[in-house]
Structure formats: structure tokens, C-alpha cells
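Structure in C-alpha cells, see below.
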Amino acid sequence: MDHLTFIAASYAVSFLALALLVLWLVLDNRAQRRALDDLEARGVRRRAAAANDAAARGASPAASPLPAPKREARP
Amino acid sequence: MGILDLANPIRFLSLSARLLPWLAGLTALTLAVGLALAFRAPADYQQGETVKIMYIHVPFAWLAMFGYTMMAASSLGILVWRHPLADVAHKAAAPIGATFAALCLITGSLWGRPMWGTYWVWDARLTSMLVLLLLYLGLMALRSAIEDPNRAGRAAAILTLVGFINVPIVKFSVDWWNTLHQPASVFRMGGPTIEASLLWPLLICAFGFTLLFVTLHMLGMRTEILRRRVQALEARAAAEAMA
């Protein structure tokens, strides 16, 4: 094999591996986003989001059955 | 407001949503310029055109070490402050760092065959880089083997800090031992030994790949935050269904 083959192989393998990594990260992101949308469509919502909705409807967060926590310990 | 309050997951999601498109664009532009300059750069007087492999191999090596160093810093965040974003950053960096470490080894082997006459030698630099790849893979396996995410995060953080001893070994292996791999030629006392016409494309490529690493890491962190939200909501839905 001449040197050009080694150069081409290096760039081809790198491009392929990085393309697969990007694809995996993008598809995983979409899958999680879809799962979250599905849950929210079923009425399962984060406490903070429910409290925001209650506030938007005019109810005070304190009156909401799901008050927003001061700081989330976990995402 | 403390700095740890600024680094909460909600703020991160909001900030990263605005930054990601710009980072992705800047990454594509920098890599395009860097690789165009690399292919226009002159051949090396000893390596000939094979020096073109250096423009990707060296950034992969730097970023494999950068990724692990960042994971070690995140490990401190996990163990000392128990910060959720540190755990997310740690977990998201592992597959990206592993990819860069694997590509460093593959492109290095493809450079070694025409230059050294062999794809692999059990040289200190090559072996310590292989250990770095195995550490990345081990950390990913460890996380997936422990069901409780908090315990998995702490165990992975401890292993990361223990394994961090390998990073200076990778960097200084060429100085401490008699190796086939050439010594440092960019970050060294007395300045770089590479000719400017080869050095500048290398530095631009390195900057472009660093942007790529940061962009992918940010995307991975966003995904991990969403995954944890989904898991928390599923657990909540299950608990409500049982009640």
C-alpha cells in the first residue's frame, strides 16, 4: 500500500466514527424528547411545569397542589 | 447567588439551547478551514505526505486527555459538592472521550505502518493511550452495571480519579522512557519545533476538534438531563398509578 492509502484510511475511519457518534447523540436526544412529550401528553408533568401552568391560570403557586420547589436537586 | 446555583440543570438547558446552533456552525467552519489548510500545507521533509495524518491524530490525542481531565474535575463535583450537573457532565463525556481515544490509536497505527514499519509496538506512549481508552470503556461499563444512578455516579467518580494518574503518564511517557514515539513538539519548553506552515493548520484543526468535542458534550448533557427527567416522571407516574 502506498502512503496515500494510509492517509485516506485515516480520514475515512475518523469521518465515519465521528458521523456515527453525532448520529447516535442526535437520535438519542430525539428519543428522550419524544418520551418526555409522550409523558406530558398523558398528563404526567414536572412539578415546576405544573406550578407555572397554575400561575399562568391566575392561581398562586402556593395554592397549587404541586408547588414549584425552590431548587431542584435532580433534573 | 453562588456559582453552583448558576450551574443548575434548568439554566443549563436554557443556555445550551441558545449556544448549540452557534457552536455547531463555528465547529463546521473551523474544521473546514483547518482541514483545507492542512491539505494545502507542504509535505514534511521526512514523513512526506503522511504528515497529513498528524492534523487529525494529534487533536484526537489531546482531546482524549482533555475529556478525561474534564471528567476528573466533574468527579470532584460529584464527590465533594454532589452537584447533579457534574454527574451529567461526567456521564456525557465518556463516550465522546472514548471515541477520540480510539481514533487517536487507529490513526496513529495507520501513520505508524508506513513510518515505523509496524501498526503497533508496546511503547510507553501507545500503551498508556490504550490504557486511557480502556479506562473510558471501563467507566461506561461500570455505570451501566450499577442500577442506582447515585451509586453509579459515585463509583465512576472514584474510578475516574484513580485513573487520572494515567493522564500525566500519557503526556510525559515520551520523556520518562525511551520510546519509539517522537517527543512533544508543540507544547514544550522552548517553544514548538514544528515549522509554522505545518503548525498553524494543526492548531486550527485542534481548535476545530475542541469545538466539536464541546458541542457534542453539550448535546450529550442535554440528552442526559432529559433522560433523567423521563425516568423521574415514569417513576412518579408509576407511584401515582399504584396509589
Side-chain angles (χ1 to χ4, degrees), chain A residues 1-56 61-62 64-75, chain B residues 5 8-10 12-13 24 35 39 43 47-53 55-57 60 82 84-85 87-88 92 95-96 98-100 102-103 106-115 149-150 209 212 215-217 219-220 222-234 236-238 240:
Chain A
M1 283 198 286
D2 63 354
H3 291 195
L4 192 65
T5 313
F6 290 102
I7 299 167
S10 296
Y11 277 84
V13 168
S14 301
F15 178 79
L16 187 69
L18 291 175
L20 286 175
L21 179 67
V22 170
L23 190 69
W24 172 65
L25 285 170
V26 169
L27 290 179
D28 192 21
N29 185 273
R30 281 188 190 167
Q32 298 308 321
R33 200 180 290 271
R34 233 185 346 258
L36 196 61
D37 289 345
D38 285 350
L39 281 163
E40 290 189 347
R42 280 163 42 199
V44 187
R45 309 204 60 194
R46 289 171 55 239
R47 290 192 177 98
N52 286 345
D53 284 356
S64 164
L66 298 170
K70 193 176 176 190
R71 177 174 175 240
E72 283 199 347
R74 285 274 153 198
Chain B
D5 292 324
N8 80 43
I10 294 167
F12 174 80
L13 282 179
L35 292 174
F39 275 88
Q47 302 174 45
E49 290 296 337
T50 315
V51 75
K52 299 275 185 279
I53 298 176
Y55 298 109
I56 50 174
H57 169 73
F60 291 154
R82 301 193 175 202
L85 210 54
D87 192 40
V88 166
I96 305 167
T99 306
F100 278 80
L103 285 175
I106 294 167
T107 54
S109 290
L110 288 167
W111 179 88
R113 184 70 184 90
M115 291 295 108
N150 289 331
F209 281 113
L212 178 66
T215 306
L216 296 181
H217 188 228
L219 178 62
R222 288 178 60 81
T223 306
E224 186 56 29
I225 291 171
L226 293 179
R227 189 188 333 276
R228 290 177 186 202
R229 272 189 187 170
V230 168
Q231 286 166 353
L233 287 183
E234 281 173 345
R236 200 170 140 209
E240 281 173 4

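Since this is a predicted model, take the numbers as computed values, not measurements. No hydrogens, no waters, no symmetry mates; every other heavy atom, side chains included, goes into these values. Residue numbers begin at 1 in each chain, while the letters A, B, ... track the order of the sequences.
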Cut-off 4.5 Å, heavy atoms of chain A, and the answer for B/Leu103 is side chain
(request) Side-chain contact test, heavy atoms from C-beta onward, threshold under 4.5 Å: evaluate it for B/Leu13 versus B/Arg229 and give yes or no. (result) yes
So, the part of B/Thr99 with a heavy atom under 4.5 Å from chain A: the answer is side chain
With a 4.5 angstrom heavy-atom cut-off, is it the side chain or the backbone of A/Arg30 that approaches chain B, or both, or neither?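 A/Arg30 has no heavy atom closer than 4.5 Å to chain B.
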Is B/Gln47 in contact with chain A via its backbone, its side chain, both, or neither, using a 4.5 Å heavy-atom distance?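 For B/Gln47, the backbone is the part near chain A, not the side chain.
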*Leading residue by heavy atom contact count with chain B [cutoff under 4.5 Å; candidates A/Leu20, A/Val22, A/Val26, A/Leu36]*: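 Option with the top pair count is A/Leu36.
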Review point. Looking at CG of B/Asp87 and CZ of B/Arg228, how far apart are the two atoms once the value is rounded to the nearest 0.5 Å?
Key: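 Here the interatomic distance stands at 4.5 Å.
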Are any of the side-chain heavy atoms of B/Thr107 and A/Val13 separated by less than 4.5 Å? no
* Could you pull out the closest heavy-atom pair between B/Val230 and A/Leu39, with the gap in Å? =>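 Where B/Val230 meets A/Leu39 most closely, the heavy atoms are O-CD1, 3.8 Å.
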Okay, B/Leu85 and chain A: the region with an atom under 4.5 Å from a heavy atom over there is neither
field: Heavy-atom proximity to chain A below 4.5 Å, by part of B/Ile96
entry: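 Both backbone and side chain of B/Ile96 come within 4.5 Å of chain A.
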Report task. Return yes if some donor-acceptor pair links the side-chain N/O of A/Tyr11 with the main-chain N/O of B/Lys52 below 3.5 Å, else return no. Result ->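 Indeed, once roles are kept as given, a pair shorter than 3.5 Å links the two residues.
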Across all chains, not counting sequence neighbours, the side-chain hydrogen bond (donor to acceptor under 3.5 Å, both in side chains) partners of B/His217 are none
**Report entry** Side chain / backbone / both / neither for A/Ile7 at chain B, heavy atoms under 4.5 Å
**Finding:**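 The answer is both parts of A/Ile7.
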Turns out that what part of B/Leu219 lies under 4.5 Å from chain A's heavy atoms comes down to both
Evaluate the side-chain proximity of B/Glu49 to A/Leu4: yes if any heavy-atom separation is below 4.5 Å, no if none is.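 No, their side chains stay 4.5 Å or more apart.
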